[in-house]
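Hydrogens, waters and symmetry mates play no part in the numbers below; they use all other heavy atoms, side chains included.
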Amino acid sequence: MAKIIMKAPLVELDGDEMTRVLWEVIKEKLLLPFVELKTEYYDLGLKNRDNTNDEVTVKSAHAIKKYGVGVKCATITSNSARQKEYDLKQLLPSPNATIRAILDGTVFRKPISVNRVKPSVNTWKAPIVIGRHAYGDVYKAAEMEIDGPGTVELVFTGADGSKRSVKVAEFSGKGIVQGMHNLDESIKSFARACFLYAIDEKIPVWFATKDTISKTYDGRFKIIFNEIYETEFKQKCKDAGVEYFYTLIDDAVARVVKSEGGFLWACKNYDGDVMSDMIASAAGSLAMMTSVLVSPSGVFEYEAAHGTVQQHYYRWQKGEKTSTNPAALIFAWSGALAKRGEIDNTPDLISFAKKLENAVLSSIDEGIMTGDLARLSDPQPEKILNSWEFIDAVAQKLG
């Protein structure tokens with residue numbers, strides 16, 4: 001059978017640990033036999049980011065801007081333990097945060113639903129989509145250790161030399177301090193992306209912050225989100241039958257676990273990070289969550305929502321074939337290929353991407369699954385497969 005031809009490349013961002021291992025297996029078994037794969041490759045493995053002083057991450061983001069579609073493997077965000085383990089010369093920021101800042105996008109995360117795995121929240125009848133603001137807050141924060149008594153101030157120096165300041169804290173001894181920021185334009189892009197997504201999917205929008213406590217910072221999010229709704233999307237939402245609802249983040253959490261699902265939950269950056277893991281886990285597994293970064297300029301980056309599966313990687317290094325679920329990694333590739341096909345008007349590529357996703361879903365529903373899903377499956381599978389066996393089973397369905 002002739003391979004499907006791609007008109008333009010994807011930007012491929014390789015990653016770390018167990019996901020990097022499976023990334024290559026997915027390409028070998030599920031993509032290369034069927035697609036004449038074109039990619040512009042960037043190695044975002046932790047050691048290479050360190051060697052290039054993170055220039056490779058910046059270059060990869062600009063490449064996604066150029067070509068319109070990227071697909072990313074999971075990557076390590078370094079900390080002191082990782083610095084020692086990998087003999088790094090420096091601690092680098094989250095590569096995801098760097099890419100998101102350059103692309104100015106919103107991350108949408110949605111559970112991958114299968115019939116044999118029911119959500120642990122029994123009221124959920126439809127998937128909950130997380131819309132995660134993808135810029136600023138703690139991911140772009142400046143931090144400092146305080147060595148002793150003194151005063152910490154937040155100071156703004158205007159372009160005209162004027163200054164404004166506010167006292168953060170009076171320290172009587174050692175401590176820590178952190179400064180965060182965000183941008184009006186980024187918040188506006190976030191709001192627009194959420195309303196556009198909701199209108200396209202015909203689902204309600206929930207937005208939540210903690211403006212009762214963070215009256216200026218979170219309050220700004222609330223004001224801008226509401227302004228974008230009132231001035232740009234109120235009538236469009238009404239025409240599409242889409243409801244917009246604002247509440248406090250703690251109230252939203254309480255409502256979510258009692259809801260029937262089927263809505264877009266718009267979250268600030270950190271809230272979206274945490275809540276997407278909660279939704280994914282409650283829906284079955286962290287490996288059963290799609291993630292796509294959408295920029296207002298029409299650029300898309302697909303990835304798995306989970307991490308690098310560190311402990312499985314250590315076991316693999318000892319020669320074990322682990323039962324790591326590759327579904328979200330496969331869906332990152334299928335999402336990127338489908339979007340590439342949509343942009344380039346290549347229907348064969350779109351059809352293949354859909355066929356790949358159906359092969360994964362039908363395999364799981366037939367009881368062909370890895371260990372994370374096996375313990376949740378009803379009925380229980382006859383056998384728990386390792387990652388390689390699962391990928392082989394999916395490949396057989398592709399023909």
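Atom NZ of K47 has more than 12 neighbouring heavy atoms from other residues, nucleotides or ligands inside a 6.0 Å radius. The local environment of NZ in K383 is sparse, with at most 12 non-hydrogen atoms from other residues, nucleotides or ligands closer than 6.0 Å. Annotation for D184: atom CG counts as buried by contact number, over 12 foreign heavy atoms lying within 6.0 Å. Environment of CD in E145: sparse, with no more than 12 heavy atoms of neighbouring residues, nucleotides or ligands closer than 6.0 Å. Annotation for E153: atom CD counts as buried by contact number, over 12 foreign heavy atoms lying within 6.0 Å. Atom CZ of R192 is surrounded by more than 12 heavy atoms from other residues, nucleotides or ligands within 6.0 Å. More than 12 heavy atoms of other residues, nucleotides or ligands shown are found within 6.0 angstrom of CD on E230. For NZ of K125, the number of neighbouring non-hydrogen atoms (other residues, nucleotides, ligands) closer than 6.0 Å is greater than 12.
With respect to E12 and R340, no salt bridge is recorded, no charged nitrogen being found less than 4.0 Å from a carboxylate O. Taking the charged nitrogens against the carboxylate oxygens, E40 and K59 have no contact shorter than 4.0 Å, which rules out a salt bridge. Using a 4.0 Å cut-off between charged side-chain N and carboxylate O, R20 and D43 make a salt bridge. Note on K321 versus E389: no salt bridge recorded, every NZ/NE/NH1/NH2 to OD/OE distance being 4.0 Å or above. Salt bridge D218/K268: present, at least one basic N to carboxylate O contact under 4.0 Å. R116 has no carboxylate O lying under 4.0 Å from a charged side-chain N of D378, or vice versa, which leaves the two without a salt bridge. A salt bridge does not link D104 with K188: none of the charged nitrogens is closer than 4.0 Å to a carboxylate oxygen. Ion pairing between a basic and an acidic side chain is recognised when a charged N comes within 4.0 Å of a carboxylate O; K29 and D392 show such pairing. Taking a cutoff of 4.0 Å between a charged side-chain nitrogen and a carboxylate oxygen, E303 and R100 qualify as a salt bridge. Salt bridge status for R49 with D54: absent, with no side-chain N to carboxylate O gap under 4.0 Å.
Judged by the 6.0 Å and 45° rule, K339 forms a cation-pi pair with F300. A cation-pi contact, defined as under 6.0 Å to the ring centre and within 45° of the axis, is absent between K355 and F352. Remark: K72 is not positioned above the aromatic ring of Y302, lacking an NZ or CZ atom under 6.0 angstrom from the ring centre and at most 45 degrees off the axis.
The backbone N or O of L10 sits nowhere less than 3.5 Å from a side-chain atom of T39 that would complete a donor-acceptor pair.
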### Query
Step by step, would you call Q90 with N53 a side chain to side chain contact (heavy atoms under 4.5 Å, CB included)?
CA-CA 8 Å; Q90 60 195 316; N53 296 316; 2.8 Å; yes
### Task
Start with the C-alpha distance between D250 and K210, add both sets of side-chain angles, then the distance that settles salt bridge (Lys or Arg N to Asp or Glu O under 4.0 Å), and finish with yes or no.
CA-CA 8 Å; D250 41 342; K210 193 66 173 178; 3.0 Å; yes
### Task
Evaluate side chain to side chain contact (heavy atoms under 4.5 Å, CB included) for K397 paired with S362, printing each intermediate quantity in order.
CA-CA 9 Å; K397 287 184 175 293; S362 62; 3.4 Å; yes
### From CA spacing to verdict: side chain to side chain contact (heavy atoms under 4.5 Å, CB included), H62, I102
CA-CA 8 Å; H62 286 289; I102 292 170; 3.9 Å; yes
### Task
Step by step, work out the side chain to side chain contact (heavy atoms under 4.5 Å, CB included) result for V69 and V11.
CA-CA 6 Å; V69 186; V11 180; over 6 Å; no
#### Entry: Full working for ring-ring contact (aromatic ring centres under 6.0 Å, His included) between F195 and Y244
CA-CA 9 Å; F195 288 121; Y244 170 52; 5.3 Å; yes
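Under the 4.5 Å side-chain contact rule for hydrophobic residues, Y197 and M275 do not share a cluster. Criterion: ILVMFWY side-chain heavy atoms under 4.5 Å apart, direct or through other members. Under it, W124 and M288 are not part of a common hydrophobic cluster. Hydrophobic clustering (side-chain heavy atoms under 4.5 Å, transitive across Ile, Leu, Val, Met, Phe, Trp, Tyr) keeps I223 apart from W206. Both V129 and V205 belong to a common hydrophobic cluster when Ile, Leu, Val, Met, Phe, Trp and Tyr are linked at side-chain heavy-atom distances under 4.5 angstrom. L329 and W388 end up in the same hydrophobic cluster when Ile, Leu, Val, Met, Phe, Trp and Tyr side chains are linked at under 4.5 Å.
A donor-acceptor contact under 3.5 angstrom links the side chains of Y139 and D273, judged on distance only. Using modelled atom types and a 3.5 Å distance limit, the side chains of D372 and T370 yield a donor-acceptor pair. Side-chain contact check for T209 and Y246: at least one donor-acceptor pair (N or O, by modelled atom type) lies under 3.5 Å. Side-chain N/O atoms of D137 and Y217 include a donor and acceptor closer than 3.5 Å. Judged purely by distance below 3.5 Å, without hydrogens or angles, the side chains of Y41 and D14 pair a donor atom with an acceptor atom. No hydrogens or angles considered: nothing links the side chains of T346 and D348 as a donor-acceptor pair under 3.5 Å. S334 and E357 share a donor-acceptor pair across their side chains, judged by distance under 3.5 Å alone. For the residue pair E17/Q310, the side-chain donor-acceptor check at 3.5 Å is not satisfied. In this model, a donor atom of one side chain and an acceptor atom of the other lie less than 3.5 Å apart for H133 and S186. Side-chain contact check for N182 and K140: no donor-acceptor pair (N or O, by modelled atom type) lies under 3.5 Å.
Using the six-membered ring where Trp is involved, F225 and F207 have ring planes that are parallel, under 30° apart on the 30 and 60° scheme. Between W333 and W23, the ring-plane angle classifies as tilted under the 30° and 60° cut-offs.
Using a 4.5 Å cut-off on side-chain heavy atoms (C-beta onward), L385 and M369 make no contact. Using a 4.5 Å heavy-atom threshold, the side chains of T151 and V168 count as separate.
The distance between the ring centers of F245 and F263 does not fall below 6.0 angstrom. Centroid-to-centroid, the aromatic rings of Y135 and H181 come within less than 6.0 Å.
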